[in-house]
2 protein chains.
Amino acid sequence: MKKTSLKDIAQQAGVSTALVSYVLNGKEKETRVGEAIAQKIRQIAKELNYQPNHLAKSLRSGKTYTIGLIIADISNPFFANIARVVEDEAKKNGYTVIIGSCDEHAEKSWDLVNVLINRQVDGFIIVSCEGSENQVHYLKERNIPFVLLDRHFPEIQTDFVATNNYKASYDAGVHLIESGYSRIGIMAYKSNMYHMEERVRGLQHALRDNNIDFNDAWLKEVNFETMDSEVRTAIDEVLASDQRVEAMIFATYGLAINALKYINELRLKVPSDLAIVSFGQAEVFDLYYCPITYVRQPLEMLGKTSVEFLLKKLKNPDEGMKQILMEAKLIPRDSSKAKKPVSKG
Amino acid sequence: MKKTSLKDIAQQAGVSTALVSYVLNGKEKETRVGEAIAQKIRQIAKELNYQPNHLAKSLRSGKTYTIGLIIADISNPFFANIARVVEDEAKKNGYTVIIGSCDEHAEKSWDLVNVLINRQVDGFIIVSCEGSENQVHYLKERNIPFVLLDRHFPEIQTDFVATNNYKASYDAGVHLIESGYSRIGIMAYKSNMYHMEERVRGLQHALRDNNIDFNDAWLKEVNFETMDSEVRTAIDEVLASDQRVEAMIFATYGLAINALKYINELRLKVPSDLAIVSFGQAEVFDLYYCPITYVRQPLEMLGKTSVEFLLKKLKNPDEGMKQILMEAKLIPRDSSKAKKPVSKG
DNA sequence: ATTATGTGTTTAAACGATTAAGCATTTACC
DNA sequence: GGTAAATGCTTAATCGTTTAAACACATAAT
């Protein structure tokens with residue numbers, strides 16, 4: 001039993017497919033279709049449970065009403081959630097989203113871009129991974145609409161929606177300082193992505209502005225792929241050094257989780273043995289015995305705005321470049337509780 | 001700058017589009033294309049960076065190489081992970097996945113089914129929600145290939161891939177009994193979905209087989225939408241009753257999370273005040289101060305097998321019905337640690 | 001009576017690919 | 001030399017829509 005097409009309806013009604021198309025697209029007025037025949041067409045369409053073929057529509061119109069969403073790491077709940085927001089927002093506007101995760105690999109990301117271009121997506125929303133600048137350039141050259149989400153490349157002029165990571169990290173640093181910590185480290189991915197660098201820089205400047213010298217041993221950069229083991233080593237090191245850190249900022253959710261697991265194994269107490277602030281947000285942070293202070297990124301807003309920007313661009317390709325940095329909010333919890341003052345020396 | 005099409009290549013090469021199509025689809029042998037011209041065509045295709053238009057291909061062939069994945073609740077990390085597995089597995093086979101979450105609402109699920117049918121997906125993988133039987137019947141009638149994942153309707157003959165929930169819950173019950181607990185409750189969604197009922201039944205039979213009378217007050221069924229508040233009430237009740245439970249099985253991840261939050265607020269200790277076993281799996285369970293015993297469902301296998309079943313069906317629609325129940329594994333942790341014996345009376 | 005205007009409908013091309021069928025031409029065979 | 005087979009390529013229909021243009025009437029205006 002084949003799907004019913006315009007032709008089927010046309011045949012039953014004894015008219016041409018053109019009329020059927022006009023009526024079912026609500027163009028009866030402009031195209032002056034007779035009221036009687038319009039009724040009949042609608043009636044038959046309902047009886048046959050007509051559902052238009054999106055492929056044909058898209059082929060004809062050149063618009064698929066589909067957005068390609070490329071996410072650097074969908075296992076990160078922050079990104080998983082942002083994907084949901086994007087999807088919901090897109091659906092509200094009649095768009096379908098095809099999601100792909102590149103797991104922080106630029107080649108995978110290339111594949112995805114190509115697959116999705118073949119599928120004729122109207123545009124992209126991309127959480128870029130390291131080394132994917134060429135892809136951004138490619139999309140620009142080919143004039144394919146896209147918006148970068150959460151991560152962007154300051155040296156490439158593009159639309160983007162991101163968090164003010166510098167400020168977020170600066171605030172986190174100040175918060176820890178005000179809570180009485182001064183030897184504050186940060187763990188980040190080994191990466192030259194701007195958002196990572198900003199998170200590191202934010203803390204460094206917070207310390208500098210409070211007259212604390214940042215010790216390079218306090219910065220721990222680990223590789224994404226080998227995170228599990230490297231995090232352990234890193235923790236060992238920052239705790240062992242003669243300049244042992246008292247507090248640590250984790251630049252991503254994944255780092256924090258791995259670190260917390262290890263810290264548990266070591267039977268260290270948070271925050272007395274190590275105070276913690278983490279980027280990202282997840283239920284884990286609430287349920288940890290010592291709830292984790294975290295940087296809450298404006299997830300909903302980021303997702304919604306990225307869709308909004310993209311759809312505007314799709315409607316009017318000549319519209320100007322849109323860039324926005326949103327503010328994150330530090331949510332103080334027990335893991336960064338004020339330190340009990342200790343007499344010096 | 002338009003995308004290059006077959007026609008463009010044909011023009012440049014001075015041949016018909018048919019030849020180009022043959023060559024680029026590797027059919028030069030069967031269709032006896034001259035070697036010289038084949039070379040030329042490939043050359044030009046490369047120069048123009050030709051990417052075939054999937055829409056046109058699909059329209060012609062009636063196959064989109066797209067799978068619709070409908071998930072009952074994507075905010076559940078178990079489902080989020082299974083979605084990843086499905087996506088990866090599909091991609092390996094050249095399929096693209098369009099994911100939609102119906103948030104446990106049957107109407108949303110209907111919408112998704114229709115949207116995806118319009119998008120001409122080749123088939124569906126569905127984690128059904130309550131009240132969506134009509135949709136399953138609809139797909140069967142319309143002869144649209146689909147596989148039910150994780151949840152199925154025993155009264156409807158369909159392909160499905162699911163967990164043996166009865167056994168999983170039975171095992172959980174036995175484990176708790178062996179750990180010295182006897183007043184064991186279970187919290188589930190108020191639902192007549194088979195997988196839920198099986199989880200309840202599993203515990204009940206485990207108790208019966210160990211000569212423990214199941215007290216109906218130990219069964220707490222809460223509504224998905226109002227879970228936040230109902231869980232609290234339910235916990236209050238099972239702890240207050242004269243037949244206070246000592247242990248509780250949570251039939252879903254969401255229920256466990258909510259309960260744990262409340263238990264923390266009440267400053268109750270796990271497992272001494274209340275032992276816990278939960279379905280689902282997530283990092284939270286590892287990081288909780290008292291790691292949570294949980295039922296590990298064969299996530300990878302479930303996802304992969306569902307794709308496998310569907311793709312087989314797509315290749316050969318007449319293949320027989322495929323149904324499989326996979327075994328879950330109980331992962332014992334501290335939250336269900338053996339109880340210290342207490343003298344009776 | 002002729003032209004203009006309005007009304008209701010059909011025709012046919014187009015989107016970009018696939019593919020059965022047809023058409024030349026060359027080579028093989030008896 | 002005549003038929004058959006092999007070779008290399010083109011034509012044109014098709015998938016299901018959309019939509020500009022053409023067409024055929026009826027009614028109104030001059």
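Keep in mind the model is a prediction, meaning the values are calculated, not measured. Naming: A, B, ... by sequence-line order, numbering from 1 per chain. Worth knowing before you read on, the calculation uses all heavy atoms, side chains too, and leaves out hydrogens, waters and symmetry mates.
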>> If we check side-chain contact (heavy atoms from CB on, under 4.5 Å) with A:F146, which of these qualifies: A:D159, A:V136, A:I125?
In response: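 With A:F146 as partner, A:D159, A:V136, A:I125 yield a single side-chain contact (heavy atoms from CB on, under 4.5 Å), made by A:V136.
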Whole angstrom is fine here: how far is it from [atom1] in [X] over to [atom2] in [N]?
X      : N      : atom1 : atom2 : answer
A:K7   : D:dA13 : NZ    : P     : 13 Å
A:N53  : D:dG16 : CG    : P     : 7 Å
B:L6   : D:dC15 : CG    : P     : 19 Å
B:K63  : C:dG16 : NZ    : P     : 23 Å
A:R119 : C:dA17 : CZ    : P     : 15 Å
B:Q120 : D:dC15 : CD    : C1'   : 11 Å
B:I41  : D:dG8  : CD1   : P     : 13 Å
A:N118 : C:dG16 : CG    : P     : 14 Å

Enumerate donor-acceptor pairs with a distance under 3.5 Å from any side-chain N or O in residues 72-94 of chain B to protein atoms, sequence neighbours excluded.
residue: B:D73; atom: OD1; partner: B:S75; partner atom: N; Å: 3.1
residue: B:D73; atom: OD1; partner: B:S75; partner atom: OG; Å: 2.8
residue: B:N76; atom: OD1; partner: B:F78; partner atom: N; Å: 2.8
residue: B:N81; atom: ND2; partner: B:P77; partner atom: O; Å: 3.1
residue: B:N93; atom: ND2; partner: B:E89; partner atom: O; Å: 2.8

>> I'd like to compare against my own output: the B/S/- annotation of nucleotides 3-8 of chain C with a strict under-4.0 Å heavy-atom distance to protein.
In response: ----BB
>> For A:F160, give me all partners under ring pair (Phe, Tyr, Trp, His ring centres under 6.0 Å), at least two apart in sequence or on another chain.
In response: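 Partners of A:F160 by the ring pair (Phe, Tyr, Trp, His ring centres under 6.0 Å) criterion, ordered by chain and then number, come out as A:H152.
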> How would you label the contact of A:S21 with the nucleic acid (heavy atoms, under 4.0 Å): base, sugar-phosphate, or nothing?
Replying inline: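 Base, at least one base atom sits under 4.0 Å.
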> Given B:R151 and B:E104, is the salt bridge (charged side-chain N to carboxylate O under 4.0 Å, His left out) satisfied, shown in steps?
Replying inline: CA-CA 12 Å; B:R151 305 176 177 181; B:E104 303 282 6; 2.9 Å; yes
> Checking B:K312 against B:F309: charged group under 6.0 Å from the ring centre and within 45 degrees of the axis?
Replying inline: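 Output no; distance or angle outside limits.
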Protein and nucleotides 26-28 of chain C: nitrogen or oxygen contacts under 3.5 angstrom:
none

> Within a strict 4.5 Å, meaning less than it, do heavy atoms of the B:Q157 and B:Q323 side chains meet?
Replying inline: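 Yes - at least one pair of side-chain heavy atoms lies under 4.5 Å apart.
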>> Assess the residue pair A:I126 and A:V147 against the criterion (side chain to side chain contact (heavy atoms under 4.5 Å, CB included)); give the C-alpha distance rounded to whole Å, side-chain angles, the decisive distance to 0.1 Å, and a yes or no.
In response: CA-CA 6 Å; A:I126 304 180; A:V147 174; over 6 Å; no
> Can you list the steps and then say if A:R119 with B:T96 is a side-chain hydrogen bond (donor to acceptor under 3.5 Å, both in side chains)?
Replying inline: CA-CA 9 Å; A:R119 300 242 163 194; B:T96 296; 3.1 Å; yes
>> Does A:L24 form a side chain to side chain contact (heavy atoms under 4.5 Å, CB included) with A:I41? I'd like the steps, not just the answer.
In response: CA-CA 8 Å; A:L24 298 183; A:I41 287 171; 4.2 Å; yes
Which atoms of nucleotides 24-27 of chain D (N or O only) lie under 3.5 Å from a protein N or O atom, and what are those distances?
none

For [X], look at atom [atom1] and say whether over 12 heavy atoms of other residues, nucleotides or ligands are found less than 6.0 Å away.
X      : atom1 : result
A:K7   : NZ    : no
B:K313 : NZ    : yes
B:M326 : CE    : yes

> Which value, rounded to the nearest 0.5 Å, describes the distance between A:I98 atom CD1 and A:I70 atom CD1?
Replying inline: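 Here the interatomic distance stands at 10.5 Å.
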Pairs: protein N or O with nucleotides 10-14 of chain C N or O, under 3.5 Å:
residue: C:dT10; atom: OP2; partner: A:S16; partner atom: N; Å: 2.9
residue: C:dT10; atom: OP2; partner: A:S16; partner atom: OG; Å: 3.1

> Does C:dT19 have OP1 or OP2 sitting under 4.0 Å from an N or O in the side chain of B:K27?
Replying inline: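 For B:K27, the contact criterion (side-chain N or O under 4.0 Å from OP1 or OP2 of C:dT19) is met.
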>> Checking B:Q135 against B:S109 for the side-chain hydrogen bond (donor to acceptor under 3.5 Å, both in side chains) test, could you report, in this order, the C-alpha distance in whole Å, the side-chain angles of both residues, the deciding distance, and whether it holds?
In response: CA-CA 8 Å; B:Q135 299 161 32; B:S109 178; 2.5 Å; yes
